[in-house]
Structure formats: C-alpha cells, structure tokens
2 protein chains.
Amino acid sequence: MDFEKENSAGYLVNHMARLFAKELQHHIAPLGIVVGQFPVLLELWLKDGVTQKDLLARIDVEQATLANTLNRMERDGLIKRTKNPADARAQLIWLTEKAAALRNSAYESAQNVNSQALQVLTEPERAQFMDYMRRVISGIRSS
Amino acid sequence: MDFEKENSAGYLVNHMARLFAKELQHHIAPLGIVVGQFPVLLELWLKDGVTQKDLLARIDVEQATLANTLNRMERDGLIKRTKNPADARAQLIWLTEKAAALRNSAYESAQNVNSQALQVLTEPERAQFMDYMRRVISGIRSS
DNA sequence: TATTATTGCATAGCTTGCTATTCAAGTGTA
DNA sequence: TACACTTGAATAGCAAGCTATGCAATAATA
C-alpha cells in the first residue's frame, strides 16, 4: 500500500491554503494588517459596535482565537472597545478611523490575490471550483 | 463596493484547510501523532536515513518550520538522529520502530478523512477538484 | 432571596507556520 | 595555506490556530 501526497485532498488543501495566506500577507503588509485580522475586519467593515459574541457568530474560528486576534488588533490601533450598557461581561468593538480607512485597499488586495491565484482556471472552472469548496466545507461541517 | 467572503477563494480555501486539519487531527490523535508531523512521516516512510535538507526538498515548508517539527518528533520518540559521516553539519534522520509501525494506520486515517470530506462530490467531480487544486498550487508557485 | 447554572471573555499552554539571524562546517580561491 | 564564501541547521520571535480552564456577570430556579 502506498500513499501519494499529490493525490491526497487534505495535503493539497493545506498546501494551497498556505500559498494563499502567504500571498495575501505580502499584499496587505503595506496596509499594516495581517491575515488573521482580515476576517474580523471584513465583518467590522460591514457593521461595528458589536460584541465579541456577535463577531464570533459570523467568523468560523474558536472563541479563544478571536479573543487573541482582537487583542492584537487593539494593540495595533485597529479597534477600540467600549462598555456595553446592556451587559457588563461584554464590550462593544469599534473600528478606529485608521482601520475604517483601509477598507477599499484591503478589498482590492484580496481580490487581486484571488484572481491571480485562479487565473490558471477558466471562468466556468472558477465557478465550479468555488462551488466544490463550498460543498466540501458544508459537508465536513455537517458530518 | 462590497466583499462577500463566501465568494472569496482565499476565504474558502483557508476555511476548508482548517476543517481538514481538525478532522485529521481527531483521527490521528490516537496514534500519538499530530498533523504537522504527517508530511514528514510520509516522506520518512518512503525513505529514512536522510538529512534535513533531503527532507526539505520534498516538503513544501520553510527550513525553520521543518527543524522545529523534527525537534518535536524527536522529543516524542518518532525519530532518531545519527551522525552523517559525509558532513558534520548534517545529521541523518531515522524513524523509530514506533513511528515505522504507525504507517498503515496513518495511511488509513488520512484516506478516511479524504474520502469522507469529498463524499459530497461525485467521482468525476472529485477528480476535477483535485486537478483544479494542483493547477492553482502550481499557478501560485510559479507566479 | 439564595443558590445554581449559564454565558461572555480571558488566559494558559500547545502546535504549526512564517521571517530573520546566527553559527559551525565545508568549499573555493588569491 | 589563509581568507572569504556558501551551506546545513538551529534559534529567536512572532502570528494564528487549537483545547482546556478559569472567572465574573447574568439568568434561572428551589
């Protein structure tokens, strides 16, 4: 029995993810943000003044991971936290001006990375690839 | 302008990779190994008694990452290192009996994870999916 | 109302990845 | 042969992910 890593979905998925992350990292480094902050920023650009719990519901990472990322974002001046009048355990998370201003450049970086990475696929192939990924994700999650 | 993460290849790729890793982690934990050791073991099962440099040429991680993984594997009794008569800077890396014995179970775990994860795709879709991933990987690497 | 259970976050400690740097051993050359 | 260059690994230090645990505030209940 043999195991060929190039025929292992998990191996390819992991490899691909590291390449994507590295690429995005290079693109957004000049903006002063890092890859792990990206999903958080995406949500906060849509709506800030929310609790950690709200954010958590929209981002698929563990609570502890999010808490640590938020700490680094506060340290880096990307977010601020204020008291939550409704619940003293939670705080409200707000973007700083600085972070708010990065939105369009960040969107653009991400889109550049995505389209560059997928340029080896034709348009219909890209759509199919995305569809496969969404199916695989929800398949694993619901198993 | 808006950015929908479900339409972002990078987002999906990252998410999918974390799900795969978590799944594999659960499957191989009983064997006493962890996901980062998997690629190293795969190579060493094919051929051990090699240098770190040899391994590095076959695994797509940075040298420092591999060095750290090897240290943990030595700590965990999965590998041993012996002097390299040909070059005093390098050492030869050998699997322990324990690690050698894990091979078939580990292959099986990985294959189970892969086929479970891809079960939402039909056979031709799976092949296409793998093909897309290989193309995307080599596209990014060569850009 | 006092106690218990739940909930929202924080913290500890680990792995896996990265970049950058250091260092000793080997190689090549003036 | 001495000096500089290169190369194989190790180390430092950080990010981002995880599990497990702790803790204070809130909610539910006896």
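The analysis underlying the following values was restricted to heavy atoms, covering all of them including side chains, and did not include hydrogens, waters or symmetry mates. Lettering follows sequence order; numbering is per chain, from 1.
Counting only distance, with no hydrogens or angles, the side chain of A:D54 and the backbone of A:T51 share a donor-acceptor pair below 3.5 Å.
Less than 4.0 Å separates DNA chain D from at least one heavy atom of each of the following residues of residues 46-64 of chain B: B:T51, B:Q52, B:K53, B:Q63, B:A64. Shown for residues 20-34 of chain B: residues whose heavy atoms fall under 4.0 angstrom of DNA chain C, namely B:V34. Within residues 76-84 of chain A, no residue is approached by DNA chain D to less than 4.0 Å at the level of any non-hydrogen atom.
Nucleotides of DNA chain C that come within less than 4.0 Å of any heavy atom of chain A span, from the 5' end to the 3' end, C:dT7 to C:dT19. From the 5' end on, the contacts that DNA chain D makes with chain A at under 4.0 Å to a non-hydrogen atom open and close at D:dA15 to D:dT26.
A salt bridge between B:K80 and B:E74 is absent, with no side-chain N of the basic residue lying under 4.0 Å from a carboxylate O of the acidic one. Look at B:D131 and B:R135 and you find a salt bridge, because one of the NZ, NE, NH1 or NH2 atoms lies within 4.0 Å of a carboxylate O, short of that distance.
DNA chain D is contacted by both A:A88 and A:V35; A:V35 maps to the nucleotide lying nearer its 5′ end (nearest heavy atom per residue). Comparing A:R89 and B:T69 by the nucleotide of DNA chain C that holds the closest heavy atom to each, the one mapping nearer the 5' end is A:R89.
Hydrophobic clustering (side-chain heavy atoms under 4.5 Å, transitive across Ile, Leu, Val, Met, Phe, Trp, Tyr) keeps B:L66 apart from B:V34.
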Distance-only donor-acceptor hits, side chain of residues 95-102 of chain A, under 3.5 Å, sequence neighbours excluded:
residue : atom : partner : partner atom : Å
A:T96   : OG1  : A:G77   : O            : 2.8
A:T96   : OG1  : A:L78   : O            : 3.2
A:T96   : OG1  : A:A99   : N            : 3.2
A:K98   : NZ   : A:D76   : O            : 2.9

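In this structure, B:F3 has its ring center no closer than 6.0 Å to that of A:W45.
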